[in-house]
Protein chains: 2
Amino acid sequence: MRRIARSPADLKIRAVRGWPARHGAEAPHLALTAAERAELARLAEVIEYRSRGSQIFLQGAPAGFIHLLAEGVVRSYHMLPNGERQILAFHWPGDLFGLAENDRFVNSAETVLPSVVYRFAVPRLSAFLRANPALQEGFLVKAMHDLRNTQRQLIVMGRFDIARRLAAFLLDCSGHETYYNPGKHLLTLPMNRYDIADYLGTSVESISRSFGRLEKDGLLRRQGAEVELKPAKLKALVYRT
Amino acid sequence: MRRIARSPADLKIRAVRGWPARHGAEAPHLALTAAERAELARLAEVIEYRSRGSQIFLQGAPAGFIHLLAEGVVRSYHMLPNGERQILAFHWPGDLFGLAENDRFVNSAETVLPSVVYRFAVPRLSAFLRANPALQEGFLVKAMHDLRNTQRQLIVMGRFDIARRLAAFLLDCSGHETYYNPGKHLLTLPMNRYDIADYLGTSVESISRSFGRLEKDGLLRRQGAEVELKPAKLKALVYRT
DNA sequence: CGTGACTTTGAGGAATTTCAAACAATGTGG
DNA sequence: CCACATTGTTTGAAATTCCTCAAAGTCACG
């Protein structure tokens, strides 16, 4: 972990409004003004994590900060007393993370890849948001965006079998163009099978078998560390029947 | 469905801050001023649903409103193309509901019991929140509260077997004193077994068998429509091992 | 008192987990 | 640059949980 300088240009918040402000195609990121970005960047400490699996914070620790991912991939997870791990979300650039309850982090966060994080002290950020209603509205929009996504995941966990969960997950990942080549339909998964299993509420073995099943049925092809997707067929599995 | 007059006194928002504003015991509801309550009540239309199972809105319908439950119990659920239903949340008085995406409701909502709902037109509410940063902060706090709860449910669905899911659910319900007598440990469940099954991602039969299992193991006793809980034993099952 | 909605029980079958082990990829020190 | 250790992935077989189908029991209400 190391503090570095960074330009406000890459500060962004990934969220779409549920109720669009104006109609038409909805941008995947909030429209922040240059001034807002600069101010936010000034408030934050920028932290670079140089390796995979770096701890960003631990559940139960005093929670004085809000985190915004600038670059890389992060996992938020919760450990149960028996050692089981449930990954609650993978975070991509533009995502906020680090929910608290009673001033303690509810979950832990670790890098999946080397990452860069903006870290905001809560009191300073709150004060700033109170003074900037437009930005605070942006944070509200982001929270509702995350709520929608978490609810969607709840549907997946409640009603899909493992192969279908995996298909839904792969389609989600393919929404992040840094790791997906839409021309060749080639997905480079940044996380390993254990991560996927702990995210989808199952075991590594079941994930591996589901990959096998989807491959046998022609919905994807494993190619070393990469996966060639057949998006139409995957969607048919996820959304039909 | 009927529109009725109602006093702003019962308008409340159920949420605890993750990062308490001041230290000490955290109130279970946001501290709204009388003026804020009155203003909000003035903005809203009050709708009374006189029977169980009344549709409040349907997924896919144009989403012009935010809903705030004043009285009763409501379920938010999502229907899959094959007719399966996943209940995403039960709402209690003080809960906001009705998430949208692209101006359409993502989920449906129905009353579980006769209920009273404040309905806010989105443009008017947004304008009002923009002009009242303190209230908008309250809505942000509420959204993060709901996000925490949804994540907790994700842990339950991802890592708990059915009996443990049920135990966790019953403990959640016992947090609502309208339906729980803490002296006698007597819980009056407002929803039926189908609702519980569709919330916990399982079948009615499994719910029934889990009730049987928990009863046999002495964690609860079924008494007609009510359930006598042994909270300590239920917590031991949910939080240990 | 009958009817429909809700709940419980039983039995067989399917999906998934668990345990074990082999296999593949990756990185490190000699 | 290779040998070896480590991490990550896949496969097999047995055990378990849960689902599905079927049916009986229970409750509330007109």
Side-chain angles (χ1 to χ4, degrees), chain A residues 50-53 75 80 82-87 110 112-114 156-167 170 187-217 220-227 237 241, chain B residues 51-53 75 80 82-87 110 112-114 156-167 169-170 187-217 220-227 237 241:
Chain A
R50 301 176 151 283
S51 54
R52 297 172 170 228
R75 56 177 173 256
L80 297 173
N82 66 354
E84 284 184 297
R85 178 181 74 156
Q86 177 65 45
I87 292 181
E110 288 173 1
V112 171
L113 295 181
V156 168
M157 303 278 276
R159 294 293 153 194
F160 288 8
D161 65 19
I162 308 293
R164 204 146 158 236
R165 290 185 208 179
L166 179 58
L170 294 173
L187 178 66
T188 309
L189 284 170
M191 69 291 287
N192 66 27
R193 302 291 192 254
Y194 287 90
D195 285 340
I196 299 175
D198 287 352
Y199 179 58
L200 298 180
T202 183
S203 60
V204 227
E205 294 93 334
S206 290
I207 290 298
S208 183
R209 280 187 252 268
S210 289
F211 265 111
R213 176 96 197 288
L214 294 180
E215 186 162 35
K216 183 173 71 61
D217 295 349
L220 57 76
R221 273 178 51 204
R222 284 173 286 188
Q223 307 191 147
E226 304 188 326
V227 187
L237 174 61
T241 294
Chain B
S51 55
R52 297 173 168 227
R75 57 178 173 255
L80 297 172
N82 65 356
E84 284 184 297
R85 178 181 74 157
Q86 177 66 44
I87 292 181
E110 288 172 2
V112 171
L113 295 181
V156 168
M157 301 279 275
R159 295 293 153 196
F160 288 7
D161 65 18
I162 308 293
R164 206 149 156 233
R165 289 184 209 179
L166 179 59
F169 173 70
L170 293 174
L187 177 66
T188 309
L189 284 169
M191 69 290 288
N192 66 26
R193 302 291 193 255
Y194 287 89
D195 285 341
I196 300 176
D198 286 352
Y199 180 59
L200 298 181
T202 183
S203 60
V204 227
E205 295 93 333
S206 290
I207 291 298
S208 183
R209 280 187 252 269
S210 290
F211 265 111
R213 177 97 195 289
L214 295 180
E215 186 162 34
K216 184 174 71 64
D217 295 348
L220 58 77
R221 272 178 51 206
R222 284 174 287 187
Q223 307 190 146
E226 305 190 326
V227 188
L237 173 61
T241 293

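Chain letters run A, B, ... following the sequence lines, proteins first and then strands; every chain starts at 1. Note that the coordinates shown come from a computational prediction; the quantities given were computed from them, not determined experimentally.
At whole-Å resolution of the value, CD1 in A:Ile207 and C1' in D:dT11 are 16 Å apart. The CG atom of A:Leu166 sits 16 Å away from the C1' atom of C:dA15 (whole-angstrom rounding). In this structure, B:Ile196 places its CD1 atom 13 Å from P of C:dC6, rounding to the nearest Å. The distance between atom CG of B:Asp161 and atom P of D:dC19, rounded to the nearest whole Å, is 11 Å. The interatomic distance linking A:Arg164 (CZ) with C:dA15 (P) rounds to 14 Å, in whole Å. For the pair B:Met157 CE and D:dC18 P, the computed distance is 13 Å after rounding to whole Å. Taking atom CZ on A:Arg193 and atom C1' on C:dA24, their separation rounds to 12 Å, with Å as the unit. For the pair A:Asp198 CG and C:dT17 P, the computed distance is 11 Å after rounding to whole Å.
A donor-acceptor contact shorter than 3.5 Å links the side chain of A:Gln86 to the backbone of A:Asp198. For the pair B:Arg159 (side chain) and A:Arg85 (backbone), a donor-acceptor distance under 3.5 Å is present.
With a 4.5 Å cut-off on side-chain heavy atoms, A:Leu214 and A:Leu237 count as touching. Using a 4.5 Å cut-off on side-chain heavy atoms (C-beta onward), A:Thr202 and A:Leu166 make no contact. Proximity of A:Phe160 to B:Leu80: side-chain heavy atoms (C-beta onward) are separated by under 4.5 Å at one or more points. Using a 4.5 Å cut-off on side-chain heavy atoms (C-beta onward), A:Arg209 and A:Arg213 make no contact.
Nearest heavy atom pair, residue B:Ile196 against residue B:Met191, reads CG1-CG, 3.8 Å. The heavy-atom pair separating B:Arg165 from B:Val156 by the smallest distance is CG-CG1, 3.5 Å. Closest of all the heavy-atom pairs between B:Arg75 and B:Asp195 is NH1-OD2, 3.0 Å.
Residue A:Arg213 is out of contact with every strand shown, counting any heavy-atom pair closer than 4.0 Å. When heavy atoms are screened at a 4.0 angstrom cut-off, B:Arg222 is found touching the sugar-phosphate backbone but no base atom. Within the 4.0 angstrom heavy-atom criterion, no nucleotide atom of any strand lies near A:Phe211. Using a 4.0 Å heavy-atom criterion, one finds that A:Ile162 contacts the sugar-phosphate atoms exclusively.
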Which atom pairs link the protein and nucleotides 2-5 of chain C when you take only N or O atoms and keep those under 3.5 Å?
none

Q. Can you give one letter per nucleotide of nucleotides 20-30 of chain D, going 5' to 3': B for a protein heavy atom under 4.0 Å from the base, S for sugar-phosphate only, - for none?
A. BB---------
